[in-house]
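Accompanying notes for the structure given below.
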Amino acid sequence: MIKRELYMDQIRPFIRKDVVKVITGLRRSGKSVLLELLREEINDPKHSIFINFESKKNAKYTNPDTLYDYVLKKVGDSKEKWYLFFDEIQEVANWEEVINSFRVDFDADIYITGSNAKLLSGELATLISGRYVQFVIYPLSYKEFLLLNENKTFADYLKLGGMPFINNIIGDEKAVNLYLEDVYNSVVLKDVVKRNNIRDVDLLERIITYVLANIAQTFSATSISKYFKNEQRKVSTDTVLNYIKACEEAYLFYKLKREDIKGKKILEVAEKYFVVDHGLREAVYGKHMEDIGMVLENIVCLELLRRGYSVTVGTINGKEIDFIGVKNNKPIYVQVAYVMPDKATQAREFDNLLEIGNNFPKFVVSMDEVDMSQNGIVHLNIKDFLLKEWE
């Protein structure tokens, strides 16, 4: 079991503190494992309660009163600190009320997971507003992938992606694809269709396919609506937006807004979308090698998010900067290319960054092995970019 130190380091300062630790992310991305790691680190089984609400045997505890009574019976009038671990808390009706009661009524250190970004956006969430910290968990980074698979290469990561369970079946490509298709179907059916009461599942899947086909490409809901019109199917832009939003909330897609670097303002049209795991895209849509430039961009985007950057797509003087990442109020700028075989391609990637003109870090990332750094702009092979501490 990989230790996932990136997330453990983020959570450790809050262990035994009076805030609810909320761990969110895509279904099967490793949230349950992280709970297990936290339980091991705290190491107090005598005063710990763990419930996975997706297990049939725990179905009765999705009733908040039954859950409260169960915990009350366990804790009793104990004056000692108790550790409460609840996996997929969104299955509990009005979960915020019962979690807040645990926080108020007991000396409890509380950890919860959920597979929906709207977990903390409802009216009831105001009950724990200001009393929680949230951590978003992503599929395995390339670095984590190598920790589990020392004999594997970037080519393997490029093809398979980072869903944690695939490391148990990594030698069987057919089994990996079947597993990833199952993950995709679970996310779509449980976290998108069921949670949002979507009736036109065929339309939803067509929209998802369109987004998967166009990751890292600038497009709008209007362009998708026009695409369906050309297919002799009338779909409103509102429907498109709602369906994509539901996928975002399930952590299937991440939307990046475009930013005018000179004007320092966010542009409200034609965002870019990225998929949470490029291996999922390959299993569901395919065409990795045809779209390798887009897939590399997707990998870099998720790495920036994973490392805690707020990420946008930049524009300056009519030129595009693939990514602006901001952390601790300091930006970095990243261009991504497949390969740069000639001076013209190099100029296109480097010249865009030269337009920016400030002294913050700038990177060009590609599959090239030869260092092409120039004019203060660092060129990195994508493997080095993903493995190095370049902040």
Side-chain angles (χ1 to χ4, degrees), residues 1-26 29-53 58 61 64 67-92 94-138 141 144 251 305-310 326-329 389 391:
M1 183 167 63
I2 190 169
K3 295 300 183 183
R4 307 217 77 176
E5 283 298 314
L6 176 67
Y7 305 109
M8 293 296 289
D9 284 345
Q10 293 172 16
I11 299 172
R12 280 191 184 103
F14 298 97
I15 291 177
R16 300 184 179 87
K17 300 296 191 299
D18 185 25
V19 286
V20 179
K21 275 65 72 174
V22 182
I23 300 166
T24 59
L26 183 78
S29 60
K31 302 186 298 297
S32 300
V33 169
L34 198 60
L35 274 192
E36 183 60 34
L37 290 169
L38 288 162
R39 289 169 69 193
E40 287 180 5
E41 181 137 332
I42 290 166
N43 193 26
D44 190 356
K46 195 175 177 181
H47 299 99
S48 294
I49 297 171
F50 170 79
I51 301 175
N52 179 352
F53 293 107
N58 295 323
Y61 299 125
L67 175 61
Y68 185 85
D69 290 343
Y70 171 77
V71 173
L72 177 61
K73 187 176 179 180
K74 285 268 191 179
V75 175
D77 56 3
S78 170
K79 301 300 180 187
E80 297 177 276
K81 185 175 288 293
W82 278 75
Y83 301 92
L84 308 182
F85 302 91
F86 300 129
D87 205 0
E88 300 297 349
I89 191 68
Q90 75 274 354
E91 302 298 328
V92 178
N94 297 337
W95 64 267
E96 299 94 334
E97 289 183 346
V98 70
I99 291 296
N100 191 52
S101 293
F102 292 150
R103 195 189 61 79
V104 171
D105 296 346
F106 310 128
D107 183 7
D109 191 18
I110 304 171
Y111 302 80
I112 63 177
T113 77
S115 300
N116 195 279
K118 281 184 13 182
L119 197 66
L120 295 160
S121 64
E123 288 181 22
L124 284 172
T126 57
L127 287 170
I128 60 170
S129 179
R131 301 183 182 95
Y132 69 85
V133 285
Q134 184 174 9
F135 308 92
V136 179
I137 308 303
Y138 300 90
S141 67
E144 290 174 316
Y251 294 102
L305 292 171
R306 193 180 282 113
R307 296 198 190 193
Y309 283 86
S310 298
V326 179
K327 186 162 70 173
N328 299 325
N329 295 317
E389 297 298 324
E391 292 94 330

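No hydrogens, no waters, no symmetry mates; every other heavy atom, side chains included, goes into these values. Only a predicted model underlies this, so the values are computations on that prediction, with no experimental measurement involved.
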What residues, two or more places apart in sequence or in another chain, satisfy side-chain contact (heavy atoms from CB on, under 4.5 Å) together with N100? R103, V104, L127, I128
For I2, give me all partners under side-chain contact (heavy atoms from CB on, under 4.5 Å), at least two apart in sequence or on another chain. R4, L140, E144, L147, L148
All N/O donor-acceptor pairs, side-chain side in residues 12-22, below 3.5 Å, sequence neighbours left out:
{"unit_1": "R12", "atom_1": "NE", "unit_2": "E41", "atom_2": "OE1", "d": "3.4"}
{"unit_1": "R12", "atom_1": "NE", "unit_2": "E41", "atom_2": "OE2", "d": "2.6"}
{"unit_1": "R12", "atom_1": "NH1", "unit_2": "E5", "atom_2": "OE1", "d": "2.9"}
{"unit_1": "R12", "atom_1": "NH1", "unit_2": "D9", "atom_2": "OD1", "d": "2.6"}
{"unit_1": "R12", "atom_1": "NH2", "unit_2": "E5", "atom_2": "OE1", "d": "3.2"}
{"unit_1": "R12", "atom_1": "NH2", "unit_2": "E5", "atom_2": "OE2", "d": "3.2"}
{"unit_1": "R12", "atom_1": "NH2", "unit_2": "E41", "atom_2": "OE1", "d": "3.2"}
{"unit_1": "R16", "atom_1": "NE", "unit_2": "Y83", "atom_2": "OH", "d": "2.9"}
{"unit_1": "K21", "atom_1": "NZ", "unit_2": "F14", "atom_2": "O", "d": "3.0"}
{"unit_1": "K21", "atom_1": "NZ", "unit_2": "K17", "atom_2": "O", "d": "3.1"}
{"unit_1": "K21", "atom_1": "NZ", "unit_2": "V19", "atom_2": "O", "d": "2.8"}
{"unit_1": "K21", "atom_1": "NZ", "unit_2": "D109", "atom_2": "OD1", "d": "2.4"}

Can you name the residues that form a side chain to side chain donor-acceptor pair (under 3.5 Å) with S29, not counting sequence neighbours? none
Applying side chain to side chain donor-acceptor pair (under 3.5 Å), can you list everything that pairs with D105, at least two apart in sequence or on another chain? Y68
With a 4.5 Å heavy-atom cut-off, do I51 and L67 have their side chains touching? yes
List for me each residue that meets ring pair (Phe, Tyr, Trp, His ring centres under 6.0 Å) alongside Y251, sequence neighbours excluded, and say none if there are none. none
Check side chain to side chain donor-acceptor pair (under 3.5 Å) between Q90 and all other residues, then give those that pass, not counting sequence neighbours. E88
For F53 and E91 the tightest heavy-atom approach is CB-CB, 3.8 Å
S78: which residues meet the side-chain contact (heavy atoms from CB on, under 4.5 Å) condition with it, sequence neighbours left out? V75, E80, W82
Looking at residues at least two apart in the chain, or sitting in another chain, which of them share a ring pair (Phe, Tyr, Trp, His ring centres under 6.0 Å) with Y7? none
Side-chain donor/acceptor of K31 to backbone N/O of L26, under 3.5 Å: yes
Partner residues of D107 under the side-chain contact (heavy atoms from CB on, under 4.5 Å) criterion, sequence neighbours left out: K81
Quick one: list whatever passes ring pair (Phe, Tyr, Trp, His ring centres under 6.0 Å) with F50, sequence neighbours left out. none
